[in-house]
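Numbering starts at 1 and runs along the sequence shown. Keep in mind the model is a prediction, meaning the values are calculated, not measured.
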Amino acid sequence: MALIVQKYGGTSVGTPERIRNVARRVLETQKSGHQVIAVVSAMSGVTDSC
């Protein structure tokens, strides 16, 4: 078993479907026997909106 860090941000979490895809990837990694840390940054366009 390994500790896997997955980082997602921008367009990777820009729509509900893409967020579901990220969740599937995290679950697949966990189901394969690894511990997972998911780092999620701002959605596309949010950082520059301030």
Side-chain angles (χ1 to χ4, degrees):
M1 173 177 13
L3 176 61
I4 308 282
V5 178
Q6 298 177 347
K7 192 267 183 188
Y8 300 97
T11 57
S12 296
V13 291
T15 67
E17 179 56 35
R18 289 181 182 258
I19 293 170
R20 283 189 286 274
N21 187 46
V22 166
R24 277 191 290 272
R25 288 181 181 198
V26 171
L27 286 173
E28 286 173 7
T29 303
Q30 184 182 34
K31 287 179 182 179
S32 69
H34 302 290
Q35 292 181 322
V36 183
I37 296 174
V39 180
V40 182
S41 61
M43 295 169 64
S44 181
V46 172
T47 301
D48 295 333
S49 68
C50 295

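Nearest heavy atoms, Gly33 versus Met1: O-CG, 2.9 Å. For the residue pair Gly10 and Ser41, the shortest heavy atom distance occurs at N-OG, 4.1 Å. Scanning all heavy atoms of the two residues, the minimum distance from Val22 to Val13 falls at CG2-CG1, 4.2 Å.
Within the 3.5 Å criterion, the main-chain N or O of Arg18 finds a donor-acceptor partner in the side chain of Thr15.
Annotation for Ile4: hydrophobic cluster partners, listed by chain and number, are none (ILVMFWY side-chain heavy atoms under 4.5 Å, direct or chained). The hydrophobic cluster around Val5 extends to Leu3, Ile37, Val39, counting ILVMFWY residues whose side-chain heavy atoms fall within less than 4.5 Å of a member.
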Side-chain atoms of residues 23-31: list all donor-acceptor pairs with protein atoms under 3.5 Å, sequence neighbours left out, distances to 0.1 Å.
{"from": "Arg24", "atom 1": "NH2", "to": "Glu17", "atom 2": "OE2", "distance (Å)": "3.0"}
{"from": "Thr29", "atom 1": "OG1", "to": "Gln6", "atom 2": "NE2", "distance (Å)": "2.8"}
{"from": "Thr29", "atom 1": "OG1", "to": "Arg25", "atom 2": "O", "distance (Å)": "2.9"}

